[in-house]
Engineer: 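Sharing a structure here in structure tokens format.
Proteins come first, then strands; the chains are lettered A, B, ... in the order of their sequence lines, and each starts at number 1.
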Amino acid sequence: MRRIRRLFIGVTLSFLLAAGSTAQTITVNNDLVFGDMFPGVPKTISKYTAGAAAEFNVRGTNGAEVSIQFTLPTKMTKIGVSIQMIFFNTDCAVDTRPNPIQASPLFDNLNPWSTLLYRIGVQGLTIYLGGTVVPRIVQPPGAYTADITLTVAYTGA
Amino acid sequence: MAENYSTTYSYSIVTSQRLHQWLKTTLLVFSLLIVVAGSGMAQDVAVGQATATVLATLTVSATAALAFGNVYQGVTSTIANNNASAGVFTITGAASSGIMIFMALPNYVALADGSDRMTISFSSTDASVDTLGAGNPTTMAAGSGFQNINPHNFPAAAVIGAGGTTNIYLGGKVLPTIDQTAGAYTGDIILTVAYTGN
């Protein structure tokens, strides 16, 4: 009976530990929107530009450290054709304040190609991402898209 | 009886051990499930998108050559940019988009064999930019673009017309010498157009 009791305690502790950390969720607040582009004219969207820069919101346990990792595209495509995309090593920003300010984020000029480590704030954590596209002079007209994948995980720290 | 008692006791121990083993296994599986479920919540993945719409590609074509026709030795010949013989270039692209226009103008026209040259010149009012896209230099309406402008320096505010077309009309002047060799003279006029991004 003692063993059984110990096992129950162990299971209960496991359950409490698992339930104690809130699962983090990511919301895509805004896609990276380049809008209309002219063939032969490169276009850059700043991470500071609300409504055009990509914006992700991460919710989870306040104070818990998370790793943030992008899987970035190198081109946007439509059927059969593509446009070159560039993400510079300062194109990302993170703001952990309750009221993030996109124009002056708390952690600025971050490299989206690297794994970033930040602690979730009271109201989560907001990530901004800008980028550049370089259409060719003879770029076929039309709508181009690419996926930007963001993976966020607790580090345990 | 003693033997019977002994047998019953053994069975009871075996049952208790099995029950304990079963409980242990069940609780372990339960614990593992919780741990697995817990670790599954420790990561989330979101997929955002990058989107863009590429507008119409620019095209430029020489619709009509700047044609001086027959000229006489020693007699200057001038074609105005609103003359039917003016050069016509047609540009197509995204409607109302800003464009940069650059024209490389020749200093002379030459015989095909290169044996003689004739001076050609362009004044600061020899070009017009027609954003109505009529394509006819003789009917360009006032206010439909830029009239009588410098072909060496097109205005920065030039645009593709609302209909997706802009025409450039070009006049010029040739100055044959008194001993100009008879024959057909030609020269290249190269028009380069690019989107400004505005």
Side-chain angles (χ1 to χ4, degrees), chain A residues 1 3-4 7-8 10-11 14-15 17-19 21-43 45 54-56 58 60 71 73 76 78 83 85 129 131 133 135 137-154 156, chain B residues 13 15-60 91-102 158-160 164 192-198:
Chain A
M1 283 304 287
R3 282 186 180 174
I4 292 170
L7 278 170
F8 267 119
V11 169
S14 298
F15 182 77
L17 281 172
S21 59
T22 309
Q24 80 276 51
T25 57
I26 310 172
T27 305
V28 181
N29 288 348
N30 202 70
D31 288 329
L32 179 54
V33 180
F34 288 93
D36 289 344
M37 299 194 52
F38 298 101
V41 182
K43 189 170 187 178
I45 296 296
E55 181 181 328
F56 300 87
V58 180
T71 304
M76 278 198 286
K78 71 176 199 131
I83 304 180
M85 291 190 77
L129 180 71
V133 285
I137 290 172
V138 292
Q139 191 74 47
Y144 291 72
T145 60
D147 284 344
I148 298 170
T149 304
L150 175 66
T151 303
V152 176
Y154 285 121
Chain B
I13 287 174
T15 305
S16 171
Q17 280 176 343
R18 280 185 181 168
L19 177 65
H20 181 252
Q21 190 61 44
W22 179 83
L23 273 170
K24 195 175 172 182
T25 308
T26 305
L27 290 170
L28 272 173
V29 168
F30 186 53
S31 300
L32 280 172
L33 281 173
I34 288 172
V35 169
V36 167
S39 62
M41 290 189 292
Q43 176 172 301
D44 193 18
V45 177
V47 179
Q49 280 210 312
T51 63
T53 302
V54 175
L55 300 173
T57 307
L58 278 175
T59 66
V60 182
I91 306 163
T92 65
S96 305
S97 302
I99 49 174
M100 290 180 288
I101 302 169
F102 177 75
V159 296
I160 297 288
T192 304
V193 180
Y195 281 121
T196 62
N198 299 319

Engineer: So which residue, B/A194, B/G93, B/S97, B/A94, ends up with the most heavy-atom pairs under 4.5 Å with chain A?
Structural biologist: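 Answer, by heavy-atom pair count under 4.5 Å with chain A: B/S97.
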Engineer: Minimum heavy-atom separation for A/T145 and B/Q49, please, with both atom names.
Structural biologist: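 Smallest interatomic distance, heavy atoms only, reads CB-NE2, 4.1 Å.
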Engineer: Would you please name every residue forming a ring pair (Phe, Tyr, Trp, His ring centres under 6.0 Å) with A/Y144, sequence neighbours left out?
Structural biologist: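 Ring pair (Phe, Tyr, Trp, His ring centres under 6.0 Å) list for A/Y144, sorted by chain: empty.
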Engineer: Measuring heavy-atom distances to chain B, does A/I83 have an atom under 4.5 Å in its side chain, in its backbone, in both, or in neither?
Structural biologist: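 The side chain, not the backbone.
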Engineer: May I ask you to name which of A/D36, A/V138, A/T27 has the most heavy-atom pairs under 4.5 Å with chain B?
Structural biologist: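 So the answer, after comparing A/D36, A/V138, A/T27, is A/D36.
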Engineer: For A/P140, does its backbone N or O pair with a side-chain atom of B/T57 as donor and acceptor, under 3.5 Å?
Structural biologist: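 Judged by distance alone, no pair lies under 3.5 Å.
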Engineer: Who are the ring pair (Phe, Tyr, Trp, His ring centres under 6.0 Å) partners of A/F34, not counting sequence neighbours?
Structural biologist: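 If we apply the ring pair (Phe, Tyr, Trp, His ring centres under 6.0 Å) test to A/F34, skipping adjacent residues, there are no hits.
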Engineer: What option among A/I45, A/L150, A/T71, A/T149 has the most heavy-atom pairs under 4.5 Å with chain B?
Structural biologist: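 With the most close heavy-atom pairs to chain B, the winner is A/L150.
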Engineer: Does B/D44 reach the main-chain N or O of A/I26 with its side chain, forming a donor-acceptor pair under 3.5 Å?
Structural biologist: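 Pair found, side chain donor or acceptor close to backbone of A/I26.
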Engineer: Roughly how far, to the nearest 0.5 Å, is the CG atom of B/L55 from the CD atom of A/Q139?
Structural biologist: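 Answer for the CD-CG pair, A/Q139 versus B/L55, is 11.5 Å.
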Engineer: Which atom names give the shortest non-hydrogen contact between B/Y195 and A/P39, and what distance separates them?
Structural biologist: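 Closest pair (atom of B/Y195, atom of A/P39, distance): CE1-CD, 3.2 Å.
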Engineer: If I compare all heavy atoms of A/M76 with all of B/A50, which pair ends up nearest, and what's the gap?
Structural biologist: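 It is SD-O, 3.4 Å.
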Engineer: Quick one: what part of A/V133 sits under 4.5 Å from any heavy atom of chain B, side chain, backbone, both or neither?
Structural biologist: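 For A/V133, no heavy atom lies under 4.5 Å from chain B.
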Engineer: Heavy-atom pairs under 4.5 Å with chain B are the metric here; pick the option from A/A146, A/A143, A/G131 that has the most.
Structural biologist: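 With the most close heavy-atom pairs to chain B, the winner is A/A146.
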